[in-house]
Structures are given as C-alpha cells and as structure tokens.
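Structure first, then comments.
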2 protein chains.
Amino acid sequence: MILSKTTEYALNVLSFMATRNKEMYPAEYLYKELKIPRQYLRRLLTDLSRKGFITSIRGRNGGFVFSRDLSSINFAQVIEAMEGQEAMKTCLLGFTACIIDHPCVMHDLWTEARSKMIETLTNTSLADLKNKYEMDKDTIAQLNNSLIH
Amino acid sequence: MILSKTTEYALNVLSFMATRNKEMYPAEYLYKELKIPRQYLRRLLTDLSRKGFITSIRGRNGGFVFSRDLSSINFAQVIEAMEGQEAMKTCLLGFTACIIDHPCVMHDLWTEARSKMIETLTNTSLADLKNKYEMDKDTIAQLNNSLIH
DNA sequence: TTAAATTACTACAAAAAGGTAGCATTTATA
DNA sequence: TATAAATGCTACCTTTTTGTAGTAATTTAA
Ligand code: FES
Ligand code: FES
C-alpha cells in the first residue's frame, strides 16, 4: 500500500522532470525544488540513470535528462524498477506464501481492485502526465483571464 | 504498494483466525500454523488485542479470541490500525507534500483506481472472508464427491 | 590553464523495522 | 498447593532503509 520513501522520491523526481520544459536538470536544481535530502537525491539520480530512465551528463552545465521518450515510461515500470519485480507481480497484500501454496481466502475478492490499479499504473505514461499538466495550466490561465476581464 | 511485513502478518493472523472455527487461538498454535517468528508474533498478538480486534485470555487454556463480531472488522480498518491513519487517507502513492500544497499531477489520474481499492478493502469484512472460505470448501467437497462416484 | 560547476563513488551514521531471549504474571487443574 | 500452559513485558540484537560527508573525476568556459 505504501511505497518506500525512495520509490516516492523517484516518482516525484521523474514527474517533476516530465512536466517542466527544461533542457537539463542538475541535481542541485532538483534538490531546491523538491527538498529531497541532497546527497540521497544524488544517489537516487545515479540509480535512475543506471536503470535507464535518465542519462547523466557530467561536468559544467551537466545534469540529467530523460534518456528515452516520455511516452515509453509508465508508473508501473518505475515502481517495479525501484521495488523489485516482485512488487507488481505478487498480490498487493503481499501474501507471497499463499501464492506458492494455494491462493489465500482474500485472493479472489482482491483481484479486481488490484488489476484496476496495475492497469492505471501501466497505462499512465509520463507523457500523459505532461499533457494533463499542460491542459490544467491552460484551464487556469483562461479562468484567470475571464476573472480579470 | 507494499504493506509492511508486520501488516501482512496481522492480516494473515486475523484471516486465519476468522476462517477456522476454533474457540481459542493460543500464540503457539498460530506460530505452528503460520510460521511467523514466534516472539514477533506474540508481540503482534498483544498489539492486535490492544487495538481492539482480539482479546487475550491469560493463564492455562488461554489464548486469543475475536473481541467483536467478524462482520464489524474490515481490511481497511486493520491496515489503518497497523500502518497509521495516514496510510489510507493520503494518496496511495504517498505524495503527502503535494496534498498540503496542491494536488500533484498524478493525483487525478490516480483517484479512480485508488478509491476502487479502498472501497474493496472497506467493504470486505472478516465475515465475508469466512463465508467465501466455507463456500469454497463446499464446492471442493462436492467436486471430490462427483469424481469418486 | 585554471577555476567553477557538475556527476561518481565510497564510507560512514542514524533511524526504522524486524526478530530474539528471558523472566514475570496469570490461570486451570491434577 | 504445585505445576503446566498460557500471556505480558522489557531489553537487546540484526537487518534494512534513509541520510550525511567528503573526495575524485569530468567538462565547460573565462
Ligand atoms: S494470494 Fe492474493 S491475497 Fe492471498
Ligand atoms: S496528491 Fe495524489 S498523487 Fe499527488
């Protein structure tokens, strides 16, 4: 139910990067914006680049950029990469024992809600996120406009 | 996404107790059945009784029994009691910061799947679990029967 | 070529979660 | 009443997760 703090951080970073239109995201900038502990964030960024979501560019004017198209990164992938493949494959209540042996009594009742959730996480890419974000911005801009005039 | 091990244990214990028809569940019996580390389980049981799900009966022939009707205990309650109220109230991806400030970009997309899940957890009581379990047992018994004859 | 801005790496520290051991207390019953 | 079978409690240990500090390497640009 509750993702690890590190996974939350990862989702925060990637969501943030996906919705701003910067060319480059240095760790220090992300630190100031997101308030994730400085050194921990740096490690996380290195980790995310090793996992292939972003690419690091060293040296002056360096930082991090997405290494592939936003539409090819979805939330399920990120969670899986951070928490391990198990996380999404076993049942969300985590009764691993009863999967091997025999599905526990909760299993059937749970299955529907669970797949809805995984579906949402899988079907939502960072590109969707970005589009949504920009639509919202437009709506707010129009609202402000109509209030002023 | 992933409940803490302790919460898993709690759900396992309560599910197990709900589906067996014993009058009393001593810690040692639950230990043998569920293989949860002995002393840790004992602490968990004490905790669950402090939280009002079960009652402890000390002394010889003692053990644990439900302290209220199975139909009045649902999964959401148990998870909330174990993980803290926050767990169910804030968004499942745990972006607490963005709730206070402003809902993050993920929020809207996420809301539907999230509420489905909470709904299921809230609407499923231990009594439901028990009924389901007994129906399944009957079905299997009938199947066996028809195979033999 | 030197300084500044940046990531990479390593080692450590602190906090939280999970697990163990042992003794005290309670209760039923032989 | 003594013993066995149970929970209650406390103190400690181990592992995992989260967080910190400092130095090395890389790159740009003055
Ligand atoms: S196997 Fe999914 S809840 Fe037990
Ligand atoms: S507020 Fe729910 S995902 Fe951010």
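Computed from a prediction, not measured in an experiment: that's the story for all the values here. Residue numbers begin at 1 in each chain, while the letters A, B, ... track the order of the sequences.
Between the B:Lys51 side chain and the B:Ala81 main chain, a donor and an acceptor come within less than 3.5 Å of each other. Counting only distance, with no hydrogens or angles, the side chain of A:Asn131 and the backbone of A:Asp128 share no donor-acceptor pair below 3.5 Å. Between the A:Thr124 side chain and the A:Leu121 main chain, no donor and acceptor come within less than 3.5 Å of each other.
One can find a donor-acceptor pair under 3.5 Å joining the base of C:dT25 and the side-chain atoms of B:Arg58. Side-chain to base pairing of B:Arg42 with C:dT20: no donor and acceptor N or O lie closer than 3.5 Å to each other.
At C:dA8, one or more side-chain N or O atoms of A:Thr46 fall inside 4.0 Å of OP1 or OP2 (strictly under the cut-off). Here B:Ser49 does not reach the OP1 or OP2 of D:dT7: none of its side-chain N or O atoms lies under 4.0 Å away. At the phosphate of C:dA17, neither OP1 nor OP2 sits under 4.0 Å from any side-chain N or O atom of B:Thr6. Close to D:dC12, at under 4.0 Å from its OP1 or OP2, lies no side-chain N or O of B:Arg43. Phosphate contact (OP1/OP2 of D:dA6, side-chain N/O of B:Tyr29, threshold under 4.0 Å): absent. Note on A:Lys5: a side-chain N or O is less than 4.0 Å away from OP1 or OP2 of D:dG19.
With hydrogens and angles left out, the side-chain atoms of B:Thr46 and B:Ser49 include no donor and acceptor closer than 3.5 Å. Checked by atom type, the side-chain pair A:Glu23/A:Asn61 shows no donor-acceptor distance below 3.5 Å. A:Thr6 and A:Tyr40 share a side-chain donor-acceptor pair at under 3.5 Å.
Taking atom NZ on B:Lys35 and atom P on C:dG18, their separation rounds to 21 Å, with Å as the unit. Atom-to-atom, CG of B:Leu45 to P of C:dG19 comes out at 14 Å; the value is rounded to the nearest Å. At whole-Å resolution of the value, CZ in A:Arg60 and C1' in C:dT1 are 14 Å apart. B:Met24 has its CE atom 14 Å from the C1' atom of C:dT26, to the nearest Å. Between A:Ile36 atom CD1 and D:dT17 atom C1' the separation is 15 Å, expressed in whole Å. What separates CG of B:Leu44 from P of D:dT7 is a distance of 13 Å, to the nearest Å. Going from atom CD of A:Gln39 over to atom C1' of D:dT17 covers 17 Å, rounded to whole Å. Taking atom CG of A:Leu41 as the reference point, atom P of C:dT6 lies 14 Å away to the nearest angstrom.
Residue B:Ile57 is in sugar-phosphate contact alone, with no base atom involved, counting any heavy-atom pair closer than 4.0 Å across all strands shown. No engagement by A:Arg38 is indicated, since no non-hydrogen atom pair under 4.0 Å with the nucleic acid exists. Nucleic acid contact for A:Gly62: sugar-phosphate only, since backbone atoms but no base atoms lie under 4.0 Å from a heavy atom of the residue.
Across D:dG19, D:dA5, C:dA8, the shortest atom-to-atom separation from the side chain of A:Tyr40 is found for D:dG19. The side chain of B:Phe64 lies closest to D:dT7, out of C:dA4, D:dT7, C:dG19. Ranking C:dC9, D:dT28, C:dT27 by closeness to the A:Asn61 side chain, first place goes to D:dT28. Distance from the side chain of B:Pro37 is smallest for C:dG19 among the nucleotides C:dG18, C:dG19, C:dT7.
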